[in-house]
Enquirer: 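Structure in structure tokens, see below.
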Amino acid sequence: MSQDKQPKPTAEASIGRRTFINTAALAGLTVGVAACTDKPTSAAASAASAPAAGGLVGANASHLKPGELDTYYGLWSGGHTGDMRVLGLPSGREITRIPCFVPDALVGWGITNESKKIMGTKADGSLKYTVADTHHTHASYKDGNYDGRYAWINDKINSRIARIRLDYFVCDKITELPNVQGFHGIFPDKRDPVDEKINYTTRVFCGGEFSIPLPNTGSEDASKYRSLFTCVDAESMEVRWQVLIDGNCDLTATSYDGKLAAVNQYNTEMGAKYEDMMSAERDACLFFNVARIEAAVKAGQFKTIGSSKVPVVDGTRASNKDPKTALTAYVSMPKNPHGVNASPDGKYFICAGKLSPTGSVIELAKVLDWFEGKLEKLDAAIVAEVELGLGPLHTAFDGRGNAYTTLFLDSQVVKWNVEAAIKFHKGDKSAKYVVDRIDVHYQPGHLNASQSETKAADGKYLAVGCKFSKDRFLPVGPLHPENEQMIDISGEKMVLMADHPVRGEPHDFIIFKRDLLRPKQVYALDEFPLAVKDPKESGVFRNGKKVTVKLTSQAPAFSLREFKLKKGDEVTLILTNLDKIADLAHGFAIPNYNVNFIVNPLETASVSFVADKPGVFWCYCTHFCHALHLEMRTRMIVEA
Ligand code: CUK
Ligand code: CUA
Ligand code: CA
């Protein structure tokens, strides 16, 4: 059966199947996952090979000719590999990975002193953490579109935020958030809420998902557990302030005027036990009034927690009842919502229901009205709450008024029209807000469309991160890849273009036009204070037991043919690659010393080690650079 001929259940028609998932939902979720294993694969296969003309157009778009470049960049979170992945779209080809939180053996991330300093080390110089769980990645804005300066990514396990410089595609700073566990949602502001001149990102907001005793004493008294919402300075990467809240923070969104940030909350119950988190029929989307919070910090209306010096303002419900002074606003949402996304017209935040089959539309102007005392009931800011399907999680936009929401349990993406949904909610039951549905394979989490959360949303391509791939790829043992599906959304109907296996588990991503970035392929020597700028500066420089080895690389040779050390020397080896042609990188490995790293054109990197093993060690170039690459080496002699 062709995809186009598949029955497209409208929300209205299918209410029987899509009844509200209530407190017993857990069972429902599990059953949903198990049930989809039984899904006939023939349906999946026919959807993928849709013979409709539209299908062929879509399929062609993802199959670039050899040598043809993609037209979009995609920045993907790397999940447990703790890196950021860079894809080209529409092909979906993975082009590179940018290591952040976790060591990377290709480039020597976690091996070189420079990367170790960024990653954070203990007093003995060893890495503080070697695991991470990245979920969300977002980039810096100017005038409502990406400006190509930075991207940020979170590590949920150790509550760290990493910044990626988008000129060199490298991580340059990592900050650990104080007093936060389970740092999840992340989103940069899109401009300053007060200063007219600042029309670009200066803050990054970070939501703390897990509640803990503050300070974390190990108390079992769950009534004292709290979460924090954190603001990090986009430039210095220092933590500016935090907000103490009721409930938890899940995902994060920001408004185009810079005035509002919000998090969806699935645990307003503040349950410390699993079942408790699902007991309430409604949760919230929690709004932060950025200008007011910063005024409160300036006025000294804060406390600090434990040894952290970060100002913490009070955003709890009890302290924010008066709209005219409130720092926060808790907008009621159906049970355990997941995901909050800002529409590209700047008007709405959309929360997906997760345990409720609904999408909720919150009008930002009304939230601002409430803060000014002009809207009596905050709930009136909810302008639509419409049925979408089972297990709605995340929403993307096409810039033509349509939203695309993943349905985890239904294994579908539903395309719906936001203004029609608002009309339907107002009482016009003839308003058909569901435009299209497409089966995805299987259980989608995040999705994102090209330029989706920018003012330049262009509605061309949609990527869907399917959490289960099941039968879509050659079997490779028990651990399946995830399935990143590429969908053409340029027409009325969505068309599946391609499946791509991805290593678990990328969660979130952004897709934007390639001309928004101008990556540099050769470093500037001055980026590195330790640079060895001339081969003549090479040599072994001794100061007692402390030894510095300086060398340079120029294909196909290192500047030193050999260098001598004494057993027990504390060595720092500095290598500058003086080749300045794009794509001419060298590697540097020291056998038995656990050293290997790459130096890109005009890059400098250093490693420190104790020369504790006497002998001859051939330090060789590990990165293919020249016809004489295999010969490219230097001899490290450690005298007993
Ligand atoms: S969460 Cu992963 S599927 Cu961390 Cu963005 Cu929704
Ligand atoms: Cu230098 Cu291979
Ligand atoms: Ca709940």
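In listed order, ligands and their atoms are each counted from 1.
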Enquirer: Hey, which atoms in ligand 1 end up nearer than 4.0 Å to a heavy atom of H446?
Expert: 1 (S), 2 (Cu), 3 (S), 5 (Cu), 6 (Cu)

Enquirer: Classify the ring geometry of Y523 against Y168: parallel below 30°, tilted from 30° to 60°, perpendicular beyond 60°.
Expert: parallel

Enquirer: Please work out, at 4.0 Å between heavy atoms, whether the side chain, the backbone, both, or neither of H338 comes within that distance of ligand 1.
Expert: side chain

Enquirer: Have a look at D283 and say which of its N, O or S atoms is nearest the Ca ion (ligand 3).
Expert: OD2

Enquirer: Do H184 and D250 have a side chain donor and acceptor closer than 3.5 Å?
Expert: yes

Enquirer: Please list, in number order, the atoms of ligand 1 under 4.0 Å from a heavy atom of H135.
Expert: 1 (S), 2 (Cu), 4 (Cu)

Enquirer: Of the choices K354, E209, H184, which has the non-hydrogen atom that lies closest to atom 4 (Cu) of ligand 1?
Expert: H184

Enquirer: Grab the two heavy atoms, one from R85 and one from P506, that are nearest each other, plus how far apart they are.
Expert: NH1-CG, 4.0 Å

Enquirer: Could you tell me whether any N, O or S atom belonging to Y266 is less than 3.0 Å from the Ca ion (ligand 3)?
Expert: yes

Enquirer: Within a distance under 4.0 Å of any heavy atom of K467, pick out the atoms of ligand 1 and give their elements.
Expert: 3 (S)

Enquirer: Quick check on contacts: which atoms of ligand 1 are under 4.0 angstrom from a heavy atom of H507?
Expert: 1 (S), 2 (Cu), 3 (S), 4 (Cu)

Enquirer: State whether K335 and E281 are salt-bridged, where the test is any N-O pair (Lys NZ or Arg NE/NH1/NH2 against Asp/Glu carboxylate O) under 4.0 Å.
Expert: yes

Enquirer: Search all heavy atoms of T137 against all heavy atoms of S77 and return the closest pair with its distance.
Expert: CG2-N, 3.8 Å

Enquirer: What atom name does the N, O or S atom of E269 nearest to the Ca ion (ligand 3) carry?
Expert: OE2

Enquirer: Kindly indicate whether the side chain of F563, heavy atoms from C-beta on, has any atom under 4.5 Å from the side chain of L573.
Expert: yes

Enquirer: Using a cut-off of strictly less than 2.8 Å, determine whether H136 has an N/O/S atom near atom 5 (Cu) of ligand 1.
Expert: yes

Enquirer: Any ion pair linking R437 and D410 (charged N to carboxylate O, less than 4.0 Å)?
Expert: no

Enquirer: May I ask you to list the atoms of ligand 1 that are less than 4.0 angstrom from any heavy atom of L251?
Expert: 5 (Cu)

Enquirer: Side chains of N483 and Y442: do they bring a donor and an acceptor to under 3.5 Å?
Expert: no

Enquirer: May I ask you to check whether H394 brings an N, O or S atom to under 2.8 Å from atom 5 (Cu) of ligand 1?
Expert: no

Enquirer: Under 3.5 Å, is there a donor on one side chain and an acceptor on the other for T395 and T405?
Expert: yes

Enquirer: Of all the atoms in N267, is at least one N, O or S atom closer to the Ca ion (ligand 3) than 3.0 Å?
Expert: no

Enquirer: Should you measure from each heavy atom of G445, which atoms of ligand 1 turn up under 4.0 Å away?
Expert: 3 (S)

Enquirer: How about Q265: does one of its N, O or S atoms come closer than 3.0 Å to the Ca ion (ligand 3)?
Expert: no

Enquirer: With heavy atoms under 4.0 Å as the rule, classify the contact between D250 and ligand 1 as side chain, backbone, both or neither.
Expert: neither

Enquirer: Name the orientation class of the two ring planes belonging to F205 and F229 (parallel below 30°, tilted from 30 to 60°, perpendicular beyond 60°).
Expert: parallel

